[in-house]
Amino acid sequence: MSENHDLKNSEGRRLATVVSPSNIAFIKYWGARDLDHVVPENPSISMTLRTCHSRCSVEHLPVGDTHEVRWREGSGGFKVAPPSFADRVVAHLDRLRDHFGCGGAFRVATENSFPSAAGLASSASGFSALTLAVLGALGEDSDDATRSELARRSGSGSASRSVLGGYVQWPAEQGNYAEQLWDHDHWDLRDVIAVVESGHKEVSSLDGHRRARTSPYFETRLRELPGRLEAVRRALSERDFSALGPVIEAEAIDLHCVAMTSEPAIHYWKPATLTVLEAVRGLRRDGVEAWITMDAGANVHVICEPHSEADVVARLQGLNGVLEIIRDGVGAGPFTESEPLL
Ligand code: PMV
């Protein structure tokens, strides 16, 4: 992580502000061998983004105080976060406090640059930023593996990948932490995100992991994965977009097949999801190489190379049901800031 801007406030208490990007998985984490300890069923590979991010400030409070969690959604000011979010944050603050054996409590302020809990991996960026800001506020100078492991233990496994930039792998065996495969300079891939749903999704990814094994297609997907992981690693290594695209699209569709056939079923797709998928097939028919991937939500990430980005944006803009287009791409990972949110 670049630069260390951890500061002391007027009362001499230490605070830190971290901006952490979201990430988009090319091979997804879906289903856990041990959900309580966030041990995944399978390895995952992602691209860290640069535009979609969370910003989080953490102040270390003296013993006797209690944790405070504020967030800002949209344009208003910071408010006390609702229990559905604050409880997860507080649980992670307690976990980190126990890990470092320190006393006191934390004051947290956090915001996202993009719609929260809508399948755009806001928990990955949010818990990565939170973890790194707590480390900063405690003056802990951990290595990448420790940062990743601590972020993973938040409960959002994908947060373990967001602490690193570029192309990142989270192995399933010895899967405590993620590691960088290549940095962001390796390959300038773009992610044009068609936002078709900005509200909170109905079923969290945590519930998705919980239900994954109930799908009759879960084992089939697991059997496909070793070949797919190898294909994605090779395509990334060789910067071979024609090899990468079909694999990541098939992988995303499979995840949603598993979700739709879980018990109870999870239907993340909206009509506009299909509209975007059809538009991307149309782009390919017209010779523009672009392939989709999706997280646990209705929004569609269209992955392409820089020379195709303008065509992709033009085709998606104005499609029925597309609320917003976010132009994103591979990013360098989290960084600290000097200006606190608190
Ligand atoms: O990290 P979680 O528990 O929010 O799960 C992430 C699930 C997916 O975004 C669908 C896949 C992934 O690997 O990011």
Side-chain angles (χ1 to χ4, degrees), residues 20-49 52 54 84-85 88-89 91-92 112 114-131 148-164 167-172 175-178 181 191 193 197 200-212 215 218 221-222 225 228-229 232 247-249 251-260 262 266-269 273 292-301 303 328:
S20 177
S22 178
N23 68 79
I24 179 68
F26 290 160
I27 300 290
K28 316 282 180 185
Y29 156 45
W30 199 245
R33 256 179 285 158
D34 177 350
L35 198 54
D36 293 336
H37 297 97
V38 203
V39 181
E41 280 282 1
N42 63 275
S44 51
I45 298 179
S46 57
M47 173 172 96
T48 297
L49 299 178
C52 290
S54 301
S84 56
F85 175 68
R88 284 185 73 190
V89 172
H92 195 46
N112 295 330
F114 60 99
S116 310
L120 293 172
S122 58
S123 60
S125 55
F127 281 101
S128 163
L130 176 72
T131 305
S148 173
E149 169 163 11
L150 292 173
R152 179 199 116 243
R153 285 169 54 191
S154 66
S156 171
S158 53
S160 70
R161 300 187 310 244
S162 262
V163 303
L164 296 156
Y167 299 91
V168 178
Q169 167 170 272
W170 175 24
N176 288 339
Y177 55 87
L181 293 171
D191 178 3
I193 307 170
E197 177 182 55
H200 290 206
K201 61 195 182 199
E202 279 158 32
V203 182
S204 67
S205 39
L206 220 49
D207 276 328
H209 297 304
R210 215 168 267 136
R211 293 180 206 176
S215 163
F218 183 72
R221 175 169 178 271
L222 285 188
L225 279 177
R228 257 183 210 163
L229 281 155
V232 166
V247 183
I248 66 172
E249 189 162 307
E251 162 64 3
I253 304 285
D254 276 11
L255 180 146
H256 283 269
C257 286
V258 169
M260 286 183 210
S262 293
I266 312 169
H267 292 273
Y268 286 119
W269 293 20
T273 306
I292 69 97
T293 181
M294 294 174 66
D295 273 347
N299 299 315
V300 186
H301 295 249
I303 309 296
D328 214 325

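Position 1 is the first residue of the sequence; numbering continues from there. Keep in mind that this is a model prediction, so the values were computed, not measured. In listed order, ligands and their atoms are each counted from 1.
- Ring-plane geometry between Tyr167 and Phe26 is classed as tilted, the angle between the planes lying from 30 to 60 degrees on a 0 to 90 degree scale.
- Contact atoms of ligand 1 toward Ser205: 2 (P), 3 (O), 4 (O), 5 (O) (distance under 4.0 Å to a heavy atom of the residue).
- Applying the 4.0 Å criterion to heavy atoms of Ala25 picks out, from ligand 1, the atoms 12 (C), 13 (O), 14 (O).
- Ring geometry for Trp30 versus His209: interplanar angle of 30 to 60°, hence tilted.
- Between Asn23 and ligand 1, no pair of N/O atoms sits closer than 3.5 Å.
- Residue contacts with ligand 1: Met294 is excluded, as none of its non-hydrogen atoms falls under 4.0 Å.
- Here is the list of ligand 1 atoms found below 4.0 Å of a heavy atom in Ser158: 1 (O), 2 (P), 4 (O), 6 (C), 14 (O).
- Within the set His209, Arg152, Glu251, the minimum heavy-atom distance to atom 3 (O) of ligand 1 is found for His209.
- No side-chain N or O of Ser128 forms a donor-acceptor pair with one of Ser162 less than 3.5 Å apart.
- Ring orientation note: the planes of Phe127 and Phe85 are tilted relative to one another, at an angle of 30° to 60°.
- Using a 4.0 Å heavy-atom cutoff, Ser123 is listed among the residues neighbouring ligand 1.
- Side chain of Glu249 to main chain of Ile292: a donor-acceptor pair is present (N/O by atom type, distance under 3.5 Å, no hydrogens or angles).
- Residue Ser156 touches ligand 1 through backbone and side chain together, judged by heavy-atom distances below 4.0 Å.
- Sorted by first and then second residue, the salt bridge (charged side-chain N to carboxylate O under 4.0 Å, His left out) pairs involving residues 23-36 (not counting sequence neighbours) are Lys28-Asp295.
- Residue Gly157 approaches ligand 1 through these ligand atoms, each under 4.0 Å from one of its heavy atoms: 1 (O), 3 (O).
- Applying the ring pair (Phe, Tyr, Trp, His ring centres under 6.0 Å) criterion to Phe218, with sequence neighbours excluded, gives no partner residue.
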